**Q** 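I'd like to ask some things about the structure below.
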Amino acid sequence: MSKEKILIIAVKKPNQQDDLFESSLQELISLADTAGGEVLEVVTQNRERIHSAFYIGEGKMAEIKEIIDQLDIELIIANDELSASQSRNLSQFLNTRVIDRSQLILDIFAGRARTKEGKLQVELAQLEYLLPRLRGQGVALSRLGGGIGTRGPGETKLETDRRHISRRIDDIKRGLKQVVKQRNQYRKRRKTNDVFQIAIVGYTNAGKSTLFNRLTNSESLEENKLFATLDPLTRKIHFPSGFESLLTDTVGFIQHLPTTLIAAFRSTLEEVKEADFILHVVDSSHPDHEQHQKTVIRLLEELDSSTIPMLTVYNKKDLLEKDFIPMNHPYIMISAYNNEDLLRLREKVEEVLKEEWESYQIRVKADNGQLLNRLGHETIITEKKFDNETETYVVSGYIRMDHPLQGTVKEKA
């Protein structure tokens with residue numbers, strides 16, 4: 001399948017740092033590649049403010065028109081979110097399809113959603129984004145057929161009729177309410193069973209899915225592409241002491257995530273809110289890793305999850321070319337492909353948890369296998385000795401403050 005030929009346009013405002021502007025362009029090129037396009041040219045312009053009618057200054061428009069003709073450009077992508085009128089004016093003047101960064105991200109999400117909930121959320125975000133931008137776009141969309149930015153979940157073409165869209169939005173919202181209800185029941189059940197929950201978060205492409213697969217021996221999608229994971233996956237993970245937890249892989253975070261998407265993916269990211277512990281995975285080899293970390297921390301704050309205990313996992317240490325200075329503590333440097341590093345990571349998680357939890361010592365009768373089993377899987381045991389005289393096990397370890405076994409531990413101590 002031939003790749004769509006893309007031209008990127010971007011405006012750099014005076015308050016934008018050069019390196020951040022550059023990295024946002026690199027990210028947009030990666031996003032376009034993930035969507036199945038090929039960026040042939042990037043046109044940037046320094047401006048005091050974004051042009052209200054055309055986004056980019058009129059002086060640049062002639063230059064852009066020439067590039068379109070020369071390179072046979074099929075799609076223009078703006079680095080910022082465009083208003084309905086900017087989008088319309090650009091596509092009419094340049095006689096080429098125009099989308100913005102948000103539409104591109106939505107398009108990728110549409111191609112990647114797997115579960116019913118994921119698909120509904122993406123379609124809702126796309127339609128809510130499209131609705132205010134439809135006036136005058138209908139012609140452009142139908143005239144230019146498919147392509148990046150016009151695909152709904154499952155590769156169907158996005159609906160462009162206003163009445164249909166409004167009806168569909170209502171239908172999806174009803175459907176999502178149902179799905180969210182089911183998800184909440186499932187989550188409640190998990191909470192009642194009181195399983196400790198760890199969420200993996202991080203910037204897109206930091207290696208979260210690789211780490212998830214290696215820690216849980218499972219086969220989720222691992223790709224060197226942005227947004228490889230959209231639907232949260234949960235698996236069991238075992239730690240050196242015998243402690244067990246559930247580990248959830250989440251959607252990658254990104255700078256300037258479209259607001260419609262943050263809203264639509266709230267329930268996917270709710271998994272993070274429910275977590276007892278967070279593994280924040282960072283691609284330590286990425287030139288922009290500091291900005292990535294700040295983006296993730298900011299989004300965690302928006303999700304009211306910034307107080308959950310967290311370990312920062314600086315991944316891809318094998319790709320580092322110079323000394324690395326960690327920004328967050330506690331932290332660990334690893335390569336997700338190194339088995340020794342994975343063991344060190346498991347040990348480090350237990351180490352951090354011990355600092356958060358209460359220590360305990362308890363005597364358990366030898367025939368109380370159920371309690372011994374629960375202590376083994378649900379707490380971190382540091383020592384277990386058998387006392388022949390009393391025929392009891394003396395168990396020492398750490399237990400979290402709100403664990404249902406707290407009462408038993410205090411009573412038998």
Side-chain angles (χ1 to χ4, degrees), residues 6-35 37 39-68 71 73 75-94 96-108 125 128-130 132-133 137 148-149 203-205 226-227 252-263 286-302 327:
I6 295 171
L7 165 72
I8 282 176
I9 57 174
V11 171
K12 182 179 180 296
K13 298 180 281 300
N15 60 351
Q16 260 178 312
Q17 291 171 4
D18 289 356
D19 55 344
L20 290 186
F21 179 68
E22 198 43 54
S23 84
S24 78
L25 284 177
Q26 285 310 316
E27 193 166 83
L28 193 59
I29 292 168
S30 293
L31 287 165
D33 172 61
T34 297
V39 176
L40 299 183
E41 191 72 59
V42 177
V43 174
T44 63
Q45 185 179 37
N46 295 330
R47 284 183 66 87
E48 280 299 314
R49 63 180 69 86
I50 279 170
H51 192 289
S52 59
F54 287 106
Y55 169 68
I56 211 152
E58 289 168 66
K60 277 275 175 196
M61 297 292 268
E63 185 189 320
I64 291 170
K65 223 171 173 20
E66 260 177 51
I67 295 170
I68 290 170
L71 301 177
I73 296 292
L75 177 67
I76 294 163
I77 305 176
N79 195 28
D80 300 276
E81 199 163 294
L82 297 174
S83 70
S85 60
Q86 285 168 335
S87 183
R88 197 162 54 242
N89 295 341
L90 274 170
S91 82
Q92 281 171 356
F93 187 92
L94 299 168
T96 309
R97 225 159 45 82
V98 178
I99 64 170
D100 61 24
R101 184 190 196 94
S102 294
Q103 275 166 292
L104 178 60
I105 293 172
L106 287 165
D107 191 80
I108 294 168
E128 286 183 332
Y129 192 83
L130 202 59
R133 291 167 172 78
Q137 277 281 1
I148 296 168
Y203 206 75
T204 184
N205 222 21
L226 301 175
F227 302 122
F253 292 24
I254 192 165
Q255 294 170 62
H256 321 301
L257 194 66
T259 41
T260 48
L261 256 187
I262 289 182
H286 197 289
D288 214 19
H289 64 82
E290 284 196 11
Q291 195 53 43
H292 291 180
Q293 290 173 74
K294 285 175 186 163
T295 300
V296 172
I297 301 292
R298 195 182 64 247
L299 280 167
L300 286 174
E301 279 166 6
E302 282 175 26
M327 198 172 100

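This is a predicted model, so every value here is computed, not measured.
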**Q** If you take all heavy atoms of Leu104 and Ala32, which pair is closest and at what distance?
**A** CD2-N, 3.7 Å
**Q** Is any side-chain heavy atom of Val39 closer than 4.5 Å to a side-chain heavy atom of Asp33?
**A** no
**Q** How close do Glu81 and Ser102 get, counting heavy atoms only, and between which atoms?
**A** OE1-OG, 2.8 Å
**Q** When you compare the side chain of Glu27 with that of Ser30, does any pair of heavy atoms fall below 4.5 Å?
**A** no
**Q** With no hydrogens and no angle check, do the side chains of Asn79 and Tyr55 hold a donor and an acceptor under 3.5 Å apart?
**A** no
**Q** Below 4.0 angstrom, N of the basic side chain to O of the carboxylate: do Glu63 and Lys60 qualify?
**A** yes
**Q** Measuring from atom NE2 of His289 to atom OG of Ser23, what distance do you get when rounded to the nearest 0.5 angstrom?
**A** 12.0 Å
**Q** Counting C-beta onward and ignoring hydrogens, is there a side-chain heavy-atom pair between Leu299 and Glu301 closer than 4.5 Å?
**A** no
**Q** Would you please classify the geometry between the Phe93 ring and the Phe54 ring as parallel, tilted or perpendicular, with 30° and 60° separating the classes?
**A** perpendicular
**Q** Run the side-chain hydrogen bond (donor to acceptor under 3.5 Å, both in side chains) test against Gln45 and tell me which residues pass, sequence neighbours left out.
**A** none
**Q** When rounded to the nearest 0.5 angstrom, what is the spacing between CG in Leu7 and CD1 in Ile64?
**A** 6.0 Å
**Q** Does any part of the side chain of Ser24, heavy atoms only, come nearer than 4.5 Å to the side chain of Arg101, both counted from C-beta?
**A** yes
**Q** Between Ile73 and Ile76, which heavy-atom pair has the shortest distance, and what is it?
**A** CG2-CG1, 4.4 Å
**Q** Determine the minimum heavy-atom distance between Pro132 and Ala84, stating which atoms define it.
**A** O-CB, 3.5 Å
**Q** For Gln86 and His51, work out which heavy atoms get closest and say how close.
**A** NE2-O, 3.0 Å
**Q** Evaluate the side-chain proximity of Met61 to Ile56: yes if any heavy-atom separation is below 4.5 Å, no if none is.
**A** yes
**Q** What closest approach, in Å, do Ala125 and Leu106 show between heavy atoms, and which atom pair accounts for it?
**A** CB-CD2, 3.5 Å
**Q** Go through the steps for Leu25 and Thr44 under the test side chain to side chain contact (heavy atoms under 4.5 Å, CB included), then give the verdict.
**A** CA-CA 10 Å; Leu25 284 177; Thr44 63; 3.8 Å; yes
**Q** When you compare the side chain of Ile68 with that of Leu94, does any pair of heavy atoms fall below 4.5 Å?
**A** yes
**Q** Out of the candidates Ile50, Asn46, Val43, only one should pair with Val11 under the side-chain contact (heavy atoms from CB on, under 4.5 Å) rule; please name it.
**A** Ile50
**Q** Check the pair Ile9 / Glu41 against side chain to side chain contact (heavy atoms under 4.5 Å, CB included), numbers first and verdict last.
**A** CA-CA 9 Å; Ile9 57 174; Glu41 191 72 59; over 6 Å; no
**Q** Evaluate the side-chain proximity of Arg47 to Lys12: yes if any heavy-atom separation is below 4.5 Å, no if none is.
**A** no
**Q** Working to the nearest 0.5 Å, report the span between CG of Asn205 and NE2 of His292.
**A** 9.5 Å
